[in-house]
Amino acid sequence: MNECTEFLRIALSKGRILEETVELLEGSGIKCQQVKGNGRKLIYTDEKQGVSFILGKPMDIPTYVEYGAADLGVVGKDVLMETEGEYYELLDLNIGYCKLVVAGEKDKTERDYRTIASKYPKLTEKYFESMGRQTNIVKLNGSVELAPLTNLADSIVDLVSSGQTLRENNLVELEKITDITTRLIANKGSYQLKQARIVSLVENMQGSI
Ligand SMILES: Nc1ncnc2c1ncn2[C@@H]1O[C@H](COP(=O)(O)OP(=O)(O)OP(=O)(O)O)[C@@H](O)[C@H]1O
Ligand SMILES: O=P(O)(O)OC[C@H]1O[C@H](OP(=O)(O)OP(=O)(O)O)[C@H](O)[C@@H]1O
């Protein structure tokens with residue numbers, strides 16, 4: 001293996017998809033259990049495997065990949081839809097299942113949506129614009145379900161998996177926007193330069209999905 005061209009830098013999303021990501025990579029023959037620890041280390045380099053793992057915030061993973069600070073990235077489709085960068089989307093990893101929805105208090109009708117709170121302002125704007133529905137969007141960074149409860153907004157665009165957060169806050173799904181899963185993305189230049197190694201990794205991952 002030529003270290004210069006074939007060493008792979010993989011940016012992984014910290015947080016809730018990390019465990020499933022590690023299982024998938026391990027199943028594809030890449031050892032990376034150490035990234036699951038509770039430490040504060042942000043890069044793990046494994047010279048023997050020719051791989052380094054970069055642990056980033058989910059919203060930042062496309063940036064590392066687009067600018068070539070990482071060759072590959074593992075990130076939710078929600079983040080890709082919001083950030084819209086320049087990279088190749090190589091694979092649906094079939095982990096991190098959830099859906100993106102419009103939610104609010106029961107009995108709201110379409111006409112009631114005026115102010116929508118979300119961690120995904122761009123995606124939200126596009127969704128409503130594509131249907132010719134005018135809205136104001138309030139950007140929040142988390143616990144978005146608080147917005148309708150405090151009258152900051154009349155509804156939200158957010159992820160739902162078990163539905164527990166909506167239920168416990170007396171909110172309901174009003175519209176489903178799309179299903180979400182985790183994706184493998186690649187820097188465009190890296191894909192050309194390190195194609196053999198990336199294609200072989202993708203094939204191994206496909207086998208263990
Ligand atoms: N409730 C959920 N169930 C399943 N997958 C989810 C859920 N919430 C988020 N995800 C997926 O996991 C990814 C990472 O979510 P996570 O909550 O770890 O990060 P985040 O909220 O973006 O980051 P942070 O909490 O650090 O701001 C999301 O981008 C999405 O693809
Ligand atoms: O349907 P559920 O299983 O309840 O999951 C949905 C919740 O999970 C995510 O939040 P997260 O835990 O990432 O926290 P956040 O609100 O700070 O983003 C999402 O934003 C919802 O709030």
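The residues of the chain are indexed from 1 along the displayed sequence. Numbering of ligands and ligand atoms starts at 1, following listing order.
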Exercise for the section: Output yes when Lys126 and Glu84 qualify as a salt bridge under the 4.0 Å nitrogen-oxygen rule, no when they do not. Expected result: yes

Fill in the blank from the handout: Ranked by distance from atom 3 (N) of ligand 1, the top protein heavy atom is Ser161 OG, 2.8 Å

Handout entry: Top protein contact for atom 4 (C) of ligand 1, by heavy-atom distance
Key = Tyr97 O, 3.3 Å

Exercise for the section: Let me know which protein residues bring a heavy atom to under 4.0 Å of ligand 2; chain then number is fine for ordering. Expected result: Arg16, Lys119, Gly142, Ser143, Glu145, Asp158, Leu159, Val160, Ser161, Ser162, Gly163, Gln164, Thr165

Handout entry: Side-chain heavy-atom pair Leu12, Tyr44 within 4.5 angstrom cut-off
Key = no

Handout entry: Within-shell test, Met59 vs ligand 1, heavy atom, strictly < 4.0 Å
Key = no

Exercise for the section: Give a yes or no on this: more than 12 heavy atoms of other residues, nucleotides or ligands lie within 6.0 Å of atom NZ of Lys57. Expected result: no

Handout entry: Under 4.0 Å to a heavy atom of Gly76 - the qualifying atoms of ligand 1, by number
Key = 31 (O)

Exercise for the section: Just need the protein heavy atom nearest to atom 17 (O) of ligand 1, so name the residue and atom and give the distance. Expected result: Arg16 NE, 3.5 Å

Exercise for the section: Could you tell me whether atom 31 (O) of ligand 1 has at least one protein heavy atom nearer than 4.0 Å? Expected result: yes

Handout entry: Sidechain N-carboxylate O distance under 4.0 Å for Lys31, Asp46
Key = no

Handout entry: Shortest reach to atom 28 (C) of ligand 1 by a heavy atom, considering only Asn141, Val74, Asp78, Val79
Key = Asp78

Exercise for the section: Taking the side chain as every heavy atom from C-beta outward, state whether Tyr64 and Asn187 have any pair of such atoms under 4.5 Å apart. Expected result: no

Handout entry: Geometric N/O contact Lys57 with ligand 1, under 3.5 angstrom
Key = yes

Exercise for the section: Report the distance from atom CG of Leu100 to atom CD of Glu175, rounding to the nearest 0.5 Å. Expected result: 11.0 Å

Practice task
Could you tell me whether Glu82 and Lys119 have a side-chain N and a carboxylate O separated by less than 4.0 Å?
Solution key: no

Exercise for the section: Starting from atom 9 (C) of ligand 1, find the nearest protein heavy-atom neighbour and note its residue, name and distance. Expected result: Leu159 CD1, 3.3 Å

Exercise for the section: Find all atoms of ligand 1 within a distance of less than 4.0 Å from any non-hydrogen atom belonging to Gly15, and give their numbers and elements. Expected result: 18 (O)

Exercise for the section: Determine, using heavy atoms of Lys119 and all atoms of ligand 1, whether some pair is separated by less than 4.0 Å. Expected result: yes

Handout entry: Close side-chain approach of Leu90 and Ile198, heavy atoms under 4.5 Å
Key = yes

Exercise for the section: Look at atom CD of Glu19 and say whether more than 12 heavy atoms of other residues, nucleotides or ligands are closer to it than 6.0 Å. Expected result: no

Handout entry: Side-chain heavy atoms of Met81 within contact of Ile180, under 4.5 Å
Key = yes

Fill in the blank from the handout: For atom 12 (O) of ligand 1, the closest protein heavy atom turns out to be Ile17 CG2, 3.4 Å

Problem - Heavy-atom side-chain proximity of Leu72 to Ser190 below 4.5 angstrom - result: no

Fill in the blank from the handout: atom 14 (C) of ligand 1 sits nearest the protein heavy atom Pro58 CG, 3.9 Å

Handout entry: Salt bridge Asp179-Lys99, side-chain N to carboxylate O under 4.0 Å
Key = no

